[in-house]
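Beneath this line is the structure, given in structure tokens, with notes to follow.
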Amino acid sequence: MTGKLHLNEAEIQRARQASSQIADDVTAQVMERTTVAIERTVLRLFGVDGVDAEGVPLANVVVDHALSRDLLAGGIAYPFVGAMMVHGMTAQELAEAIGAGMVQLGTEDLPNRVDIQVKAREMAQYALDGIAANREKRNQYLGRLGEGKQPYIYVIVATGNIYEDVVQAKSAARQGADIIAVIRSTGQSLIDYVPYGPTTEGFGGTYATQANFRIMRQALDEVSEEVGRYIRLCNYCSGLCMPEIAAMGALERLDVMLNDALYGILFRDINMQRTLCDQAFSRMINAYAGVIINTGEDNYLTTADAVESAHTVLASQFINEQLALRSGLPEAQMGLGHAFEMNPMLEDGFLYELAQAQMAREIFPNAPLKYMPPTKHMTGNIFRGHVQDALFNMVGIMTQQGIQLLGMMTEQIHTPLIYDRHLAIESAKYIFNNARHLGEEINFKEDGIIVRRAHQVLAEAVQLLENIVDVGLYQALASGMFADVKRTATGGKGLSGVLMKSADYFNPFADELRVRLGITGTVQQEEVRRG
């Protein structure tokens, strides 16, 4: 028995063993496949940027061209870099030439395959060195300016206009925010390309583009100097362009990314094969860039009851943890998600919420857990809502959460009034300061409500995970085990963008990242697959 909750370590190990088996099965299937988004990411990391005369991103133009010529199963790197060498072009020049119809891949007599691989690996190493430099720059800022204490105060901006977002973000930083999340425009996760350039007309959020990342990162660097602490930037690399946006974030020094293995499947109906392939590569990029990922377990409780389905949140955290480890992502970058979403009229609901949060902290002690505020049961009574948020903040500090997304009185407004955000930050800072060490002063009764609740949730999570081992994750998702939502392996959006790898598949970034991240096992699995 360990910790304040007296959790059974053997039960925790059963859960990890089961989730490890689930992750191994998923990884084996992922290793056999690539996606159009992964291959577009390779091009973007090579330096391909911009759009063609019709406004189509060149990364899409080139990958679609290669796909139409049956050249993508072996990876875009070989035909593309080979053509660069033949024509004496840079990656950008070749992409533009393909977009203009001046070059057609697969028509050239390419150099020796080994020579192409050497060139591609040199290009990959150069790009990854740039990402490493960005990570070092972040470390320099942190060393010189420092940062806020955990739980980090995390707030959102979502005006739709990147320049107005900058105004809102700087205001939030001055008020005390530690992380600014720029919410994406509604539906961007479902478009199979990344918009280009600065944008000013999003809906319910601002488009995630590389230019917008750059604009906001510069603004937050400026306000970091002003307030004397480093302000982190968060965006979303979920959806059909998951690894591309992860790469863009790494290139522009984002610090936090929404990057869940199951969220897109459950809540955006994106094909599970597509999502699980894309998340594996995107997490390798985030791992190397030093980006904290946020997972989306909190969303389960918007469609399922927070009391009855609490164990599904824990089970998903275990699965996300194991999948992240297989992509080289360390525990210190796993912002595993959960939420304060029980009905506020539930007797002893605060105790159940405290049990859930303390349990997550004890099971994942090194993870900067991301704790989400009450939303499902918010009403027009803003005063009761402010109290609910205060109780949420109290649990956050008592259980030492890592990232606290603040609730707002005007919760249904995408971008709240600046003063509403100020009140939320002021309340959180007041509670965090006054109860900073309260959790250290408290122990729980071994036979009390909190301990019994935690044991119940853990036992149910273990049972669920072991059931998933028996049927497989795909079938578990099809049967609605998570969030009461059912998805199938061949349904959803994006399946046409999944390809089986050929025996000579080559991705220099995946190969180099495995080396730099010290990933073991997957390389050997790949060699076995190639025969």
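Keep in mind that the numbers below use all heavy atoms, side chains included, and drop hydrogens, waters and symmetry copies.
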Return yes if some donor-acceptor pair links the side-chain N/O of [X] with the main-chain N/O of [Y] below 3.5 Å, else return no.
X      : Y      : result
Arg514 : Gly518 : no
Glu362 : Leu5   : yes
Arg138 : Ala289 : yes
Arg487 : Leu266 : yes
Arg274 : Gly494 : yes
Thr35  : Gly497 : no
Glu341 : Asp298 : no
Asn60  : Asp192 : yes

So, do [X] and [Y] sit near enough that their side-chain heavy atoms are less than 4.5 Å apart?
X      : Y      : answer
Ile293 : Gln333 : no
Met378 : Asp389 : yes
Gln404 : Ile153 : no
Ser185 : Tyr207 : yes

To the nearest 0.5 Å, tell me how far [X] [atom1] sits from [Y] [atom2].
X      : Y      : atom1 : atom2 : result
Lys493 : Ile265 : NZ    : CD1   : 12.5 Å
Gln358 : Ile363 : CD    : CD1   : 10.5 Å
Gln150 : Ile397 : CD    : CD1   : 10.0 Å
Asn161 : Thr206 : CG    : OG1   : 7.0 Å
Tyr154 : Lys370 : OH    : NZ    : 3.5 Å
Phe267 : Tyr300 : CZ    : OH    : 7.0 Å

ask   = For Asp255 and Ile292, what are the C-alpha separation, side-chain angles and deciding distance, and is it a side-chain contact (heavy atoms from CB on, under 4.5 Å)?
value = CA-CA 6 Å; Asp255 309 283; Ile292 297 171; over 6 Å; no
If you look at every heavy atom in [X] and [Y], which pair is closest and at what distance?
X      : Y      : value
Pro344 : His377 : CD-CB, 3.4 Å
Glu297 : Thr295 : OE1-OG1, 2.5 Å
Cys277 : Ile38  : O-CD1, 3.8 Å
Ala461 : Leu314 : CB-CD2, 3.7 Å
Gly337 : Val313 : O-CG1, 4.0 Å
Pro368 : Ile403 : O-CD1, 3.9 Å

Please enumerate all residues that pass side chain to side chain contact (heavy atoms under 4.5 Å, CB included) together with [X], with sequence neighbours excluded.
X      : answer
Asp221 : Tyr141, Arg217, Tyr230, Arg253
Ser327 : Ala280, Arg283, Met284
Glu441 : none

key: Any pair counted as side chain to side chain donor-acceptor pair (under 3.5 Å), so long as it reaches residues 170-180, sequence neighbours left out   = Lys170-Glu222, Ser171-Gln175, Arg174-Glu226, Asp178-Arg229
message = Applying side chain to side chain donor-acceptor pair (under 3.5 Å) as the test, list every pair that has at least one member in residues 425-435; sequence neighbours left out.
response = none
ask   = Given Asp260 and Gln279, is the side-chain contact (heavy atoms from CB on, under 4.5 Å) satisfied, shown in steps?
value = CA-CA 7 Å; Asp260 186 74; Gln279 66 85 27; over 6 Å; no
task = Keeping to residues at least two apart or across chains, list the salt bridge (Lys or Arg N to Asp or Glu O under 4.0 Å) pairs with something in residues 140-156.
result = Arg144-Glu225, Glu147-Arg232
Could you tell me which residues satisfy side-chain hydrogen bond (donor to acceptor under 3.5 Å, both in side chains) with [X], sequence neighbours excluded, listed by chain and number?
X      : answer
Asn286 : Asn259
Tyr371 : none
Arg214 : Glu252
Ser224 : none

key: Heavy-atom neighbours of Tyr193 OH exceed 12 at 6.0 Å   = no
Return all side-chain donor-acceptor pairs below 3.5 angstrom for residues 235-248, not counting sequence neighbours, or 'none' if the list is empty.
unit_1 : atom_1 : unit_2 : atom_2 : d
Asn235 : ND2    : Val182 : O      : 3.3
Ser238 : OG     : Arg184 : NH2    : 3.0
Glu244 : OE1    : Arg40  : NE     : 2.7
Glu244 : OE1    : Arg40  : NH2    : 2.9
Glu244 : OE2    : Arg40  : NE     : 3.4
Glu244 : OE2    : Arg44  : NE     : 2.7

inquiry  = Could you walk me through whether Thr41 and Asp278 satisfy the side-chain contact (heavy atoms from CB on, under 4.5 Å) test, starting with their C-alpha distance in whole Å, then the side-chain angles of each, then the deciding distance to 0.1 Å, before giving a yes or no?
reply    = CA-CA 10 Å; Thr41 304; Asp278 286 348; over 6 Å; no
remark   = Arg516 meets the salt bridge (Lys or Arg N to Asp or Glu O under 4.0 Å) criterion, sequence neighbours left out, with Asp129, Glu512
inquiry  = The test is side-chain contact (heavy atoms from CB on, under 4.5 Å); show your working for Leu405 and Ile156 and say whether it passes.
reply    = CA-CA 8 Å; Leu405 173 56; Ile156 66 173; 4.0 Å; yes
request  = Check step by step if side-chain hydrogen bond (donor to acceptor under 3.5 Å, both in side chains) holds for Gln317 and Glu321.
outcome  = CA-CA 6 Å; Gln317 289 172 328; Glu321 175 193 47; over 6 Å; no
message = Working note: His422 + Tyr419, criterion ring pair (Phe, Tyr, Trp, His ring centres under 6.0 Å); need CA distance, chi angles, decisive distance, verdict.
response = CA-CA 5 Å; His422 170 72; Tyr419 197 75; 5.2 Å; yes
